[in-house]
Amino acid sequence: MKLNLKIWRQEGPNVKGKLVDYPLDGVDGDMSFLEMMDILNEELINKGDIPVEFDHDCREGICGSCNMMINGEPHGPQKLTTTCQLHMRKFNDGDTITIEPFRAKAFPVVKDLIVDRSAFDRIQQAGGYISVNTSGNTQDANSIPIEKEKADEAFWSATCIGCGACVAACKNASAMLFTSAKISQFALLPQGEIEATDRVEAMVRQMDEEGFGNCSNTGACMVECPKGIKLDNIARMNREYLKAETIA
Amino acid sequence: MAVLDSKIPQGPLDEKWVYHKNHINLVNPANKRNIDVIVVGTGLAGSSAAATLGELGYNVKTFCYNDSPRRAHSIAAQGGINAAKNYQGDGDSNYRLFYDTIKGGDYRSREANVHRLAEVSSNIIDQCVAQGVPFAREYGGLLDNRSFGGVLVSRTFYAAGQTGQQLLLGAYSALNRQINRGKVQPFNRHEMLDLVVVDGKARGIIARNLVTGEIERHGAHAVVIASGGYGNVFFLSTNAMGSNVMAAWRTHRRGAYFANPCYTQIHPTCIPVSGEHQSKLTLMSESLRNDGRIWVPKKKEDAEAIRAGKKRGVDLAEEDRDYYLERRYPAFGNLVPRDVASRAAKERCDAGYGVNKTGQAVYLDFEAAFKRYGKVEALTHGHKNATEAEMIKLGKEVIKKKYGNLFDMYQNISDDNPYEVPMKIFPAVHYTMGGLWVDYNLQTTIPGCFAAGEANFSDHGANRLGASALMQGLADGYFVLPYTIGDYLADEIRTGEIPTDTPEFDQTEKETRERIEKLLNGSGKHSVDYYHKKLGLIMWDKCGMSRNATDLQSAMDEIRDLREDFWANVRVTGTADTKNQELEKAGRVADFLELGELFAKDALDRNESCGGHFREEYQTPEGEALRDDENYAYVSAWEYNENPRDAKLHKEELVFENVELKTRSYK
Ligand SMILES: Cc1cc2nc3c(=O)[nH]c(=O)nc-3n(C[C@H](O)[C@H](O)[C@H](O)COP(=O)(O)OP(=O)(O)OC[C@H]3O[C@@H](n4cnc5c(N)ncnc54)[C@H](O)[C@@H]3O)c2cc1C
Ligand code: SF4
Ligand code: FES
């Protein structure tokens with residue numbers, strides 16, 4: 001099929017960017033969205049132009065690298081799907097597709113479609129872990145049984161890939177879904193419970209410092225999250241936060 | 001010339017590690033503060049090593065090309081991680097895990113290393129659970145297990161189909177804790193371009209900041225290479241797109257021996273290639289073989305009709321299906337090891353029984369599992385008279401809980417619904433057992449330079465059983481390297497900070513800059529991908545699932561010619577002083593173009609078939625691999641010598657004192 005791509009080009013963080021038109025032919029439905037971008041780039045290189053830069057690595061929907069706004073939606077139109085797992089069969093011949101970076105104050109543009117999401121790392125560094133030494137002298141893994149439902153719920157919260165779609169989808173550029181997923185995972189497990197108060201305070205503080213907005217319960221994050229991370233996590237985070245504040 | 005001293009400790013097999021730990025040199029905690037360690041790579045091996053080294057008190061710098069350590073290729077591992085916990089009471093033990101791994105590797109790995117791996121395996125699970133890794137659990141609250149190819153016990157721990165993700169996030173959180181404490185300094189979006197060697201010792205690296213293009217010098221008392229495997233030399237593989245051999249290859253060029261480059265694991269259950277445009281192949285976890293049955297049509301005309309779209313696999317009667325693994329290997333059936341399953345699929349497809357358009361696919365069928373699970377579900381929920389359709393429906397729910405994400409992924413990519421029609425699968429390049437040669441301490445032949453995880457060659461021999469790479473990565477990082485590196489660093493406490501303004505740093509940086517210049521100055525005829533794809537085709541056709549001497553010889557020549565063409569005619573757009581993904585790729589492909597030739601040379605040297613190395617000249621009348629223990633029970637460790645084809649072979653003879661070398665049979 002034939003497509004008309006409108007792609008955001010920006011040379012660097014301090015240079016003004018703009019949408020540029022790229023007509024592209026010969027796109028096959030079996031291609032993934034990123035493979036379509038590869039073809040465009042191959043064409044650009046062959047013409048001596050500079051290819052479009054975008055983040056990607058696993059191309060299996062798990063590393064969370066790939067990120068772009070496709071027609072105004074993070075990761076494009078298909079629900080529960082990362083850009084790398086989106087296939088061109090979801091588009092029609094002749095479509096115009098607008099491709100832009102994830103925009104948020106806390107995600108400055110690096111180049112073209114690449115943004116800097118290191119704020120997520122810093123939120124995790126603030127306390128998104130269990131303080132256990134990696135010495136190998138821990139107790140036997142089965143010494144604390146964990147209710148299957150709880151373990152499963154912790155797992156589902158833990159499956160967040162840190163892609164940032166929730167932030168990009170949110171009109172306040174809030175990072176609540178991401179942060180709450182991590183907080184939930186640990187709060188649900190007996191091993192993580194002990195530090196729950198400090199953790200939630202530290203992570204929320206860092207989240208605010210990074211310049212993410214506040215949650216106003218719109219729910220766009222969950223709709224666009226490729227991993228179906230649930231809003232319940234935000235509720236749990238709020239409860240944990242309240243608990244922490246009351247104790248303090 | 002370095003001597004290949006494997007430094008295997010004395011004593012009986014199951015006491016070696018303890019003995020070694022009791023006798024190697026230690027660094028006093030106060031002195032650790034004065035020692036700097038660089039860890040290249042933040043996958044399972046790198047993150048766990050860096051976190052632990054930081055926790056012990058060393059000053060650690062980590063490097064990765066990704067924007068966050070959490071995105072390392074390890075994140076993609078699906079199926080699970082082995083550990084000899086014997087929670088299932090099915091007779092598992094350290095010895096059994098050791099034995100299965102040695103046998104699975106076709107007797108081409110070191111006994112002492114493999115036994116150590118088995119010994120520390122249970123610690124890994126304890127450690128991860130303590131870190132909050134949400135492994136799958138049973139209703140009683142205890143950890144659940146499943147089974148993987150090549151073994152008869154259930155020792156694989158898992159977190160749905162996302163085990164690697166959860167393990168990496170665990171190691172990443174341990175790393176974050178040390179970053180927060182100031183003990184680890186992360187350099188993300190940084191690529192190691194070369195190793196700096198001073199007076200024969202590794203003293204630092206040259207790295208490129210991938211955002212600004214700046215070339216940086218980093219000095220350290222020791223350098224750990226944990227940069228993963230090199231399966232992307234085939235272009236199409238299950239590896240992440242950025243996975244590359246650069247860090248390991250540059251280290252090799254600086255004097256570290258490269259071991260067993262030709263040992264490549266081909267994974268039997270991947271989604272088949274669909275067309276020219278394809279950029280990578282997607283794996284369907286091997287755990288699916290616990291429940292799926294693999295088959296092709298019995299009759300060629302059925303296969304032809306299916307390929308032509310005139311018939312559907314699901315409609316074929318039971319007696320017209322050839323469950324070839326169950327037929328050939330009754331003891332292990334669909335759970336034979338990967339090399340055996342892969343070759344068997346190739347054999348059927350080559351014989352004309354393939355079931356997709358290209359004839360390069362076999363079925364992975366869950367119909368029987370739907371029925372089996374559905375029956376149990378119906379009974380446990382009191383439906384004594386459930387119809388077959390009801391049972392199948394219930395069974396599908398069970399399968400969905402176990403493998404739902406894999407089924408969704410399959411449907412997304414192939415546009416087929418695997419709950420309704422059998423999946424189509426085909427083998428694909430997956431894991432590389434070769435890598436930097438290391439001794440028992442995980443030190444390469446360059447003192448002060450260590451290698452961990454997939455980047456080293458140890459532990460897996462000629463083939464890797466499923467769920468053992470994650471185990472090795474974490475064992476190396478959490479429990480082995482942090483001890484063994486001390487043996488080397490104990491002599492470094494008086495060295496003082498490593499200066500980076502020395503002639504060695506000057507020279508290495510200069511060479512790095514010249515290389516970048518050269519890459520940017522090609523004639524501009526072809527893109528980097530053009531060369532990578534060409535290389536991949538040569539590798540797959542001539543160094544892939546089966547090899548022969550004639551092809552390997554011509555592969556060596558073709559790769560050399562392609563490399564020359566690359567340096568003369570590659571087109572790398574843009575400049576070096578900014579983010580430039582084409583330049584990044586070019587540097588990586590340039591190294592693949594050298595590694596590829598050594599790969600073929602290594603395969604040519606090994607006149608036998610073993611594990612992931614199958615030489616057509618050496619097979620039994622039934623088409624099974626024919627090993628030659630008399631002449632090839634060695635690790636081939638290659639010394640760099642300007643041209644890959646001139647690399648010099650050093651042999652580490654493998655000594656088996658505890659297992660008897662037997663023909664590997666899964667019948
Ligand atoms: C799809 C898939 C499924 C798998 N499933 C399983 C499974 O179920 N069980 C199992 O045991 N194994 C599995 N494996 C294998 C296993 O995941 C890998 O072997 C293992 O994760 C490798 O870990 P690693 O730490 O050695 O390297 P990697 O995770 O590959 O990490 C490499 C790191 O090095 C960095 N790096 C590379 N080069 C440079 C450079 N020049 N400069 C700076 N940084 C660099 C990267 O950024 C990255 O951080 C699977 C693999 C794949 C592809
Ligand atoms: S919560 Fe969802 S959208 Fe947000 S980072 Fe995690 S996976 Fe991405
Ligand atoms: S490239 Fe990894 S999630 Fe898309």
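Letters A, B, ... mirror the listed sequences (proteins, then strands); counts begin at 1. Values in this document were obtained by computation on a predicted structure and should not be read as measured data.
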Undergrad: Could you tell me which portion of E138(B) (side chain, backbone, both or neither) has an atom closer than 4.5 angstrom to a non-hydrogen atom of chain A?
TA: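 Just the backbone, heavy atoms under 4.5 Å.
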
Undergrad: Could you measure the distance from the CG atom of L210(B) to the NZ atom of K111(A)? Nearest 0.5 Å is fine.
TA: 12.0 Å

Undergrad: Could you tell me whether a side-chain N or O of S74(B) sits under 3.5 Å from a main-chain N or O of L44(B), the two making a donor and an acceptor?
TA: yes

Undergrad: Looking at E153(A) and K150(A), does any basic side-chain N land under 4.0 Å from a carboxylate oxygen?
TA: no

Undergrad: Classify the angle between the aromatic ring planes of F120(A) and F178(A) as parallel (below 30°), tilted (30 to 60°) or perpendicular (above 60°).
TA: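 Geometry flag for F178(A) against F120(A): parallel rings.
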
Undergrad: Taking NZ in K357(B) as the centre, count heavy atoms belonging to other residues, nucleotides or ligands within less than 6.0 Å. Is the count above 12?
TA: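 Incorrect, the count does not exceed 12.
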
Undergrad: Spell out, as yes or no, whether a donor-acceptor pair under 3.5 Å connects the side chain of E240(A) to the backbone of A196(A).
TA: no

Undergrad: Could you state the interatomic distance from CG (L40(A)) to CG (L34(A)), rounded to the nearest 0.5 Å?
TA: 12.0 Å

Undergrad: Please determine if E210(A) and R117(A) form a salt bridge, counting it only when a charged side-chain N lies under 4.0 Å from a carboxylate O.
TA: no

Undergrad: Between L281(B) and chain A, with a heavy-atom cut-off of 4.5 Å, which part of the residue counts as in contact: side chain, backbone, both or neither?
TA: backbone

Undergrad: Would a distance-only check, ignoring hydrogens and angles, find a side-chain to backbone donor-acceptor pair under 3.5 Å from T42(B) to S47(B)?
TA: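 No; zero donor-acceptor contacts below 3.5 Å.
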
Undergrad: Examine whether an atom of F479(B) lies under 4.5 Å from a heavy atom of chain A, and if so say whether it belongs to the side chain, the backbone or both; otherwise answer neither.
TA: side chain

Undergrad: Please work out which of the three classes, parallel, tilted or perpendicular, describes the rings of H526(B) and Y530(B), given edges at 30° and 60°.
TA: parallel

Undergrad: Can you tell me which portion of Q127(B) sits under 4.5 Å from chain A's heavy atoms? Options are side chain, backbone, both or neither.
TA: both

Undergrad: Chain A heavy atoms under 4.5 Å from Q131(B): which part of the residue, side chain, backbone, both or neither?
TA: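 Both parts, backbone and side chain.
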
Undergrad: By a 4.5 Å heavy-atom criterion (distance strictly below it), what part of I179(B) contacts chain A: side chain, backbone, both, or neither?
TA: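 Side chain only.
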
Undergrad: Based on non-hydrogen pairs under 4.5 Å, which of S243(B), G132(B), C128(B) is most in contact with chain A?
TA: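 The option with the most such pairs is G132(B).
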
Undergrad: Need one label for Q185(A): side chain, backbone, both or neither, based on atoms under 4.5 Å from any heavy atom in chain B.
TA: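 Answer is side chain: those atoms of Q185(A) sit under 4.5 Å from chain B.
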
Undergrad: Could you tell me which portion of T578(B) (side chain, backbone, both or neither) has an atom closer than 4.5 angstrom to a non-hydrogen atom of chain A?
TA: side chain

Undergrad: At under 4.5 Å between heavy atoms, what parts of residues 136-145 of chain A are in contact with chain B? List them by residue number.
TA: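 Against chain B, the residues of residues 136-145 of chain A that fall inside the cut-off (heavy atoms, under 4.5 Å) are G136(A), T138(A), Q139(A), D140(A), A141(A), N142(A), I144(A), P145(A).
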
Undergrad: Between F235(B) and Y531(B), is the ring centroid distance below 6.0 Å?
TA: no

Undergrad: Check whether R189(B) gets within reach of chain A through its side chain, its backbone, both or neither, counting any heavy atom under 4.5 Å.
TA: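 For R189(B), side-chain heavy atoms alone lie under 4.5 Å from chain A.
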
Undergrad: Checking heavy atoms, do the side chain of D38(A), its backbone, both or neither come under 4.5 Å from chain B?
TA: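 Just its side chain gets close to chain B.
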
Undergrad: Could you go step by step and tell me if R199(A) and K182(A) meet the side chain to side chain contact (heavy atoms under 4.5 Å, CB included) rule?
TA: CA-CA 10 Å; R199(A) 178 180 308 114; K182(A) 208 67 210 170; over 6 Å; no

Undergrad: Side chain, backbone, both or neither: which part of L189(A) has an atom under 4.5 Å from a heavy atom of chain B?
TA: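 It is the side chain, since no backbone atom gets that close.
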
Undergrad: Counting only non-hydrogen atoms closer than 4.5 Å, does E55(B) touch chain A with its backbone (N, CA, C, O), its side chain (CB onward), both, or neither?
TA: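 For E55(B), the side chain is the part near chain A, not the backbone.
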
Undergrad: In terms of heavy-atom proximity below 4.5 Å to chain B, should E35(A) be classed as side chain, backbone, both, or neither?
TA: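 The answer is the side chain of E35(A).
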
Undergrad: Which atoms of L142(B) are under 4.5 Å from chain A, going by heavy atoms: the side chain, the backbone, both sets, or neither?
TA: both

Undergrad: Side chain, backbone, both or neither: which part of E584(B) has a heavy atom under 4.5 Å from chain A?
TA: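 No part of E584(B) comes within 4.5 Å of chain A.
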
Undergrad: Quick check on N188(B) against chain A: is it the side chain, the backbone, both or neither that has a heavy atom closer than 4.5 Å?
TA: side chain

Undergrad: How long is the straight-line distance from CG of D93(A) back to CG of L3(A), given to the nearest 0.5 Å?
TA: 7.5 Å

Undergrad: Can you tell me if S180(A) uses its side chain to pair, donor with acceptor, with the backbone of L177(A) under 3.5 Å?
TA: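 Pair found, side chain donor or acceptor close to backbone of L177(A).
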
Undergrad: At a heavy-atom separation under 4.5 Å, does N405(B) approach chain A through its side chain, its backbone, both, or neither?
TA: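 For N405(B), there is no contact with chain A at all, as no heavy atom is under 4.5 Å.
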
Undergrad: At what distance, to the nearest 0.5 angstrom, does OG of S279(B) lie from CD1 of I39(A)?
TA: 10.0 Å

Undergrad: Using non-hydrogen atoms and a 4.5 Å limit, figure out which bit of S122(B) sits close to chain A: side chain, backbone, both or neither.
TA: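 Neither part.
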
Undergrad: Examine whether an atom of Q125(A) lies under 4.5 Å from a heavy atom of chain B, and if so say whether it belongs to the side chain, the backbone or both; otherwise answer neither.
TA: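 Contact with chain B: backbone and side chain both.
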
Undergrad: Measuring centre to centre across the rings, with the benzene-like ring taken for any Trp, is H75(A) within less than 6.0 Å of F102(A)?
TA: yes

